Amino acid sequence: MANFTRRKFLQVTGGAVAVSSLGFPAIVGAASKKVVVVGGGVGGATAAKYIRMADSSIDVTLIEPNTEYYTCFMSNEVLSGHRTMDSIKVTYDGLKGHGVNVVHDTVTDIDAAGKKVMTAGGKTFAYDRCIVAPGISFASNIEGYDEAAMKTMPHAWKAGEQTVILRKQLEAMDDGGVVAIAAPPNPFRCPPGPYERACQIAMYLRAKKPKSKLIILDAKDKFSKQGLFMQAFERHHAGIVEWVSAEKGGKVTRVDAATNTLYVGDTAHKVAVANVIPAQTAGAIAIKAGLTDDKGWCPIDGRSFESTIHKNVHVIGDASVATPLPKSGYAANSEGKVAAAAVVDLLNGREPGDPALVNTCYSVVGPDDAISVAKVYDLKDGKLNGVEGSGGLTSKDSSPEMRAREVDYAYSWFANIKKDSWG
Amino acid sequence: MGCNKKALVALIGSVFMAGTTQVLAGSSASMMANTCAGCHGTNGQSAGPASPNLAGMSESYFNDSMKAFKEGTRPATIMDRIAKGYSDEQIETMAGFFAGQPVYKAMVPHDAAKAKAGAETYDKSCAKCHDEGGSLPGDDAGILAGQWLPWLQYSMADFKAGNREMPKKMAKQVEKLSDAEIDAVLNYFASQK
Ligand SMILES: Cc1cc2nc3c(=O)[nH]c(=O)nc-3n(C[C@H](O)[C@H](O)[C@H](O)COP(=O)(O)OP(=O)(O)OC[C@H]3O[C@@H](n4cnc5c(N)ncnc54)[C@H](O)[C@@H]3O)c2cc1C
């Protein structure tokens with residue numbers, strides 16, 4: 001209530017302050033609390049929007065190089081030809097509507113001591129609180145997989161140009177070709193993602209190139225929703241999809257982009273299409289800014305998502321260590337709201353309240369067949385905690401009717417998360 | 001009657017608005033309710049095509065639904081798993097949040113001819129409890145006006161299959177309706193602006 005009155009007062013007095021800037025120094029100070037958000041993906045966009053929704057007196061600047069963002073979620077359906085690139089595109093107009101100052105630039109450094117952010121465009125942005133949400137960068141666990149190799153052996157693990165390259169390769173491939181997905185080691189963005197991708201590509205192959213095969217070469221011995229995916233491989237993609245665990249010779253150690261060959265030790269897999277998803281770390285800027293631990297991810301305090309390394313800097317989304325939450329879009333959205341509420345509280349001189357989070361991840365695994373995993377999270381003994389008894393997986397025995405409903409709810413999730421984050 | 005209900009909802013809404021910050025121990029109402037938005041839209045205004053709007057839903061309907069999901073007495077794809085993450089008190093807190101939101105009627109794709117035919121069935125069989133085109137957050141009735149059509153259809157399918165219990169009065173009416181009439185009336189609800 002007090003907050004509301006103050007805000008109203010500021011709106012009313014805004015004009016007067018502009019004319020006589022000496023008039024109300026204390027109020028001017030309060031009105032110009034500044035938040036800089038680094039990265040306009042799911043996490044950053046959500047945080048920016050929810051800060052403005054909770055307290056429109058806070059000045060929020062979001063810095064993001066791209067004027068259009070392509071969601072990774074549902075990009076696997078672009079690979080299968082089920083949807084277009086346009087359908088996974090979002091713009092920043094919605095955020096501008098919430099009064100977020102959107103700047104298209106790349107952050108080159110964060111000076112946590114001086115509380116400012118520097119950009120490639122040569123600008124400096126001062127902040128009271130900074131929210132860092134740069135997503136992921138790729139680590140070099142696979143010899144020969146460099147920037148050049150990415151052009152011909154796409155990862156398609158950041159949606160956009162990479163998704164288009166992979167889709168075009170699938171379209172150009174002859175019937176009877178082999179598609180390989182090199183799945184990454186933990187932890188990585190979207191744990192069920194490589195396996196949903198296998199299902200989506202397999203649907204395309206069955207329809208258009210039925211003599212083709214898809215092999216998943218995995219750096220792991222087990223993976224997310226494994227039982228349900230194995231069921232889907234059998235139910236919908238038998239004879240097409242084969243999963244090879246690390247133990248059974250799945251761990252890709254080297255690639256040769258010139259010949260489109262993946263190597264597991266000395267064993268060569270020369271394939272028609274190679275989708276190589278390397279190991280990951282927090283986005284490069286988080287590393288540059290000294291926000292990462294020795295494993296390359298950003299440790300945070302679960303109540304506020306404030307970095308445990310640098311004060312006044314919050315890290316959300318894939319870049320943060322938010323275990324037991326997975327690195328997912330839903331988690332990034334949920335974390336964005338927790339950080340937003342904490343930042344609003346802190347800038348208004350209040351202690352942040354208890355966080356509440358949810359994760360829900362759908363995978364469309366076959367025609368009229370989707371599966372999901374969900375969990376509710378809170379803070380227990382100062383740590384993020386999966387609420388006991390909550391969540392879990394779609395039942396292996398769920399009926400075709402319920403699986404078909406999950407497809408509808410997957411698409412509902414997609415529509416709503418886009419709007420909730422950027423709209 | 002209708003007016004009273006509306007006033008009550010408005011009152012609950014304003015009490016809630018004044019009490020958002022840290023009245024209760026634990027997470028605030030908005031903190032918890034915001035976690036629903038990934039599937040049900042910001043403030044419970046769903047972008048569809050199937051997840052229902054929660055905005056403006058009555059507290060009792062929200063509470064009953066979540067508790068039924070939790071106990072497994074209402075068919076679900078995922079809500080059974082999610083509802084188990086909350087105490088009854090937390091559910092009530094979220095119910096207060098959504099009841100405090102204005103009713104949201106989405107622009108739902110529907111069959112206009114069916115919707116027109118459905119209006120008659122509505123008047124005859126549904127209007128008594130689902131007042132004002134199903135837009136009034138009555139005690140035990142969900143918001144049906146401007147509600148996403150696949151969700152309305154799934155709900156009715158569950159009722160008809162006996163997987164979800166109908167209130168006695170509803171069962172009596174539904175029994176008299178043909179599949180075509182039900183289809184039409186669901187389109188009518190979806191069409192309400
Ligand atoms: C194939 C695939 C399928 C997926 N499916 C799902 C799904 O079904 N459900 C789900 O919940 N999740 C899914 N995900 C995961 C989801 O996409 C990520 O978890 C989510 O995008 C993480 O959000 P983020 O904000 O941390 O990072 P991002 O969304 O990647 O955003 C990071 C942003 O930061 C910007 N940035 C980076 N560096 C800088 C800098 N120096 N300066 C300024 N800006 C910078 C980038 O341009 C980018 O826009 C999927 C992922 C993949 C790859």
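Source: prediction; values computed, not measured. We name chains A, B, ... by the order of the sequence lines, and we start the count at 1 in each one. Just so you know, these numbers use all the heavy atoms, side chains as well, and skip hydrogens, waters and symmetry mates.
Within the 4.5 Å cutoff, no side-chain heavy atoms of B:M31 are placed close to those of A:D354. A 4.5 Å side-chain heavy-atom check between B:S51 and A:Y409 finds at least one atom pair inside the cut-off.
A:Y69 is linked by a ring-ring contact (aromatic ring centres under 6.0 Å, His included) to A:W422, counting only residues two or more places apart in sequence or in another chain.
Applying a 4.5 Å heavy-atom cutoff, the residues of residues 373-386 of chain A that approach chain B are A:V373, A:A374, A:V376.
Interface check for chain B: of the options A:T394, A:V338, A:T46, the most heavy-atom pairs under 4.5 Å are formed by A:T394. Residue with the most contacts toward chain A among B:A37, B:G41, B:A83: B:A37 (heavy-atom pairs, distance under 4.5 Å). Of the listed residues B:A50, B:C36, B:P150, the one with more heavy-atom pairs under 4.5 angstrom with chain A than any other is B:A50. Chain A forms the most heavy-atom pairs under 4.5 Å with one residue out of B:Q45, B:K84, B:R81, and that residue is B:R81.
Formation of a donor-acceptor pair under 3.5 Å by the A:S390 side chain with backbone atoms of B:G85 is not found in this model.
Contact of B:I82 with chain A is made through backbone and side chain together, with heavy-atom distances under 4.5 Å. The parts of B:P49 that come within reach of chain A are both its backbone and its side chain, each placing non-hydrogen atoms under 4.5 angstrom from that chain. Contacts of A:Y50 with chain B are made by side-chain atoms alone, with heavy-atom separations under 4.5 Å and no backbone atom involved.
Put simply, CE on A:M53 and OG1 on B:T42 are 6.0 Å apart, with the number rounded to the nearest 0.5 Å. Rounded to the nearest 0.5 Å, atoms CE (A:M402) and CD1 (B:I78) are 11.5 Å apart.
The environment of NZ in B:K169 is sparse: at most 12 heavy-atom neighbours from other residues, nucleotides or ligands sit within 6.0 Å.
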